[in-house]
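Presented below is the structure to which this report refers.
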Amino acid sequence: MILKNCVGLITGASQGLGKAFAESLLKKGAQVVICDINQAQGEITRAEFDLRYGPGRTAFITCDVTSLPQLKDVFSQTVQTFGRLDVLCNNAGINNENSWERTISVNLVALIQASYLALDHMRRDRGGKGGSIINVASMSGFVPAAHAPVYTASKHGVLGFTRSLAEASSLGNYGVRINALCPSFVNTEILETVNHEENLGIFYQFKDNVKNLMQAFGVLEPSDVANGFVQLLEDDNLNGAVMKITTSKGIHFENY
Ligand SMILES: NC(=O)C1=CN([C@@H]2O[C@H](COP(=O)(O)OP(=O)(O)OC[C@H]3O[C@@H](n4cnc5c(N)ncnc54)[C@H](O)[C@@H]3O)[C@@H](O)[C@H]2O)C=CC1
Ligand SMILES: CC/C=C\C[C@H](O)/C=C/C=C\C=C\C=C\C(=O)[C@@H](O)C/C=C\CCC(=O)O
């Protein structure tokens, strides 16, 4: 996909990885819609992008991705504002074993809902122009995590859903590529959750285990992951791919 002039929608993009993904699209000449439950930070990020990349290329929409009406409104506003939708990145995610139902709602259910809404706009077999969906999973889709069993389950679900929807898209000639991104630990706010019992709940006793993992495996920067994000978008041969990004091996793919 040529990213210049494309339109990308990224969930949970007020900060962290989503913000880095949005910026990588802007650098390629695309237009972006960033949506997030954190309105204050989202407005700050939009203003920052307006200054850096010019006004009118970034829209921010406040949205709780677990609300289907709000999610539908984001897609409608995206097409109303920029005329089309070429890229969806399901990035919004939380790590909370206490509110584990919400963790599943944000990390998996909302990702599924948004993927289906994007397909409604993109599918060539229904008059769309095709497109690309990137679902943000995690290396916890491969490595057990005593501190976060439900978070881990949500990311395993993202991988299964992504690979299966990609198969459906291929067999059904949707013209939509659907791939997964599995970063190892990245220097963002979510890493802070390991220090809070309100996040880890009964698994707080294992907080040192995950800190040892971070020590062993290292911590990436968002820009390292954004490079993989762009590769998944620009390489039209990739559909159903599971890209891993680690400090030890960099960008590589799971061969199932
Ligand atoms: N930081 C890391 O070590 C890794 C993160 N990931 C994944 O990357 C994605 C992005 O997380 P990070 O940028 O690292 O953390 P982050 O906590 O900085 O960013 C998450 C963003 O999602 C937003 N968000 C949370 N719940 C939402 C909701 N209901 N509706 C809309 N937005 C919501 C937050 O406001 C925040 O802006 C997540 O899916 C996470 O699981 C995957 C592997 C490693
Ligand atoms: C607690 C913070 C919340 C979320 C951060 C993130 O989603 C959780 C990650 C959990 C585990 C990360 C494991 C990282 C492993 C590596 O970096 C690899 O180098 C070693 C593991 C497997 C090697 C297989 C391979 O690289 O293909």
Side-chain angles (χ1 to χ4, degrees), residues 9-22 34-42 44-45 60-68 70-71 74 89-97 99 102-111 113-114 134-152 154-156 158-159 180-196 199-200 203-204 206-207 209-222 224-226 228-229 242-256:
L9 166 59
I10 300 151
T11 68
S14 287
Q15 65 184 46
L17 281 169
K19 178 180 177 182
F21 298 153
I34 57 176
C35 75
D36 202 297
I37 198 168
N38 184 337
Q39 180 175 3
Q41 190 57 50
I44 290 168
T45 296
F60 170 71
I61 304 171
T62 305
C63 170
D64 177 349
V65 294
T66 64
S67 161
L68 184 56
Q70 290 184 37
L71 212 45
V74 167
C89 178
N90 285 301
N91 167 76
I94 62 173
N95 180 42
N96 194 315
E97 297 298 318
S99 309
R102 183 153 178 87
T103 297
I104 295 291
S105 295
V106 175
N107 297 8
L108 185 55
V109 175
L111 179 145
Q113 295 275 26
I134 292 180
N135 290 328
V136 181
S138 162
M139 278 301 291
S140 61
F142 297 95
V143 177
H147 69 286
V150 173
Y151 175 89
T152 301
S154 74
K155 297 303 185 179
H156 277 67
V158 170
L159 293 180
L181 190 52
C182 298
S184 178
F185 299 108
V186 188
N187 181 22
T188 71
E189 204 169 279
I190 204 171
L191 289 192
E192 181 55 30
T193 60
V194 302
N195 294 313
H196 299 284
N199 286 90
L200 300 192
F203 306 106
Y204 184 65
F206 305 125
K207 69 180 186 317
N209 298 62
V210 66
K211 290 181 178 179
N212 293 337
L213 277 178
M214 289 183 202
Q215 195 74 33
F217 297 143
V219 178
L220 300 159
E221 288 301 320
D224 301 321
V225 187
F229 170 81
V242 175
M243 177 187 276
K244 299 159 127 176
I245 306 180
T246 64
T247 56
S248 54
K249 298 182 184 175
I251 292 174
H252 59 297
F253 291 86
E254 179 65 13
N255 298 309
Y256 287 91

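Nothing here was measured: the structure is a model prediction, and the numbers come from that model. Residue numbers count from 1 along this sequence. Counting convention: from 1, in listed order, for ligands and their atoms alike.
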Closest approach of N95 to A148 (non-hydrogen atoms, all atoms of both residues): OD1-CB, 3.6 Å

Heavy-atom closest pair, residues A110 and V65: CB-O, 3.3 Å

Check Q70 against T62 and note the closest heavy-atom contact, atom names and distance. OE1-O, 4.4 Å

Under a 4.0 Å heavy-atom cut-off, what residues line ligand 2? N95, S138, M139, S140, V143, H147, Y151, S184, F185, L191, V194, F217, K244, T246, S248, K249, H252

Close-range residues for ligand 1, whose non-hydrogen atoms fall below the 4.0 Å threshold: G12, Q15, G16, L17, D36, I37, N38, C63, D64, V65, N91, A92, G93, I94, R102, V106, V136, A137, S138, Y151, K155, P183, S184, F185, V186, T188, E189, I190, L191

Quick check for you: to the nearest 0.5 Å, what is the distance between K249 atom NZ and T247 atom OG1? 11.0 Å

Considering residues at least two apart in sequence or located in another chain, which fulfil the side-chain hydrogen bond (donor to acceptor under 3.5 Å, both in side chains) criterion with K207? none

Side-chain contact, heavy-atom cut-off 4.5 Å: T66 with R102? yes

Would T193 and N199 satisfy side-chain hydrogen bond (donor to acceptor under 3.5 Å, both in side chains), going step by step from the backbone distance to the final call? CA-CA 6 Å; T193 60; N199 286 90; 5.1 Å; no

Let me confirm one number: the CG-OG distance from L159 to S154, rounded to the nearest 0.5 Å. 10.0 Å

Among residues two or more places apart or on two chains, list those pairs meeting salt bridge (Lys or Arg N to Asp or Glu O under 4.0 Å) that have a residue in residues 183-195. none

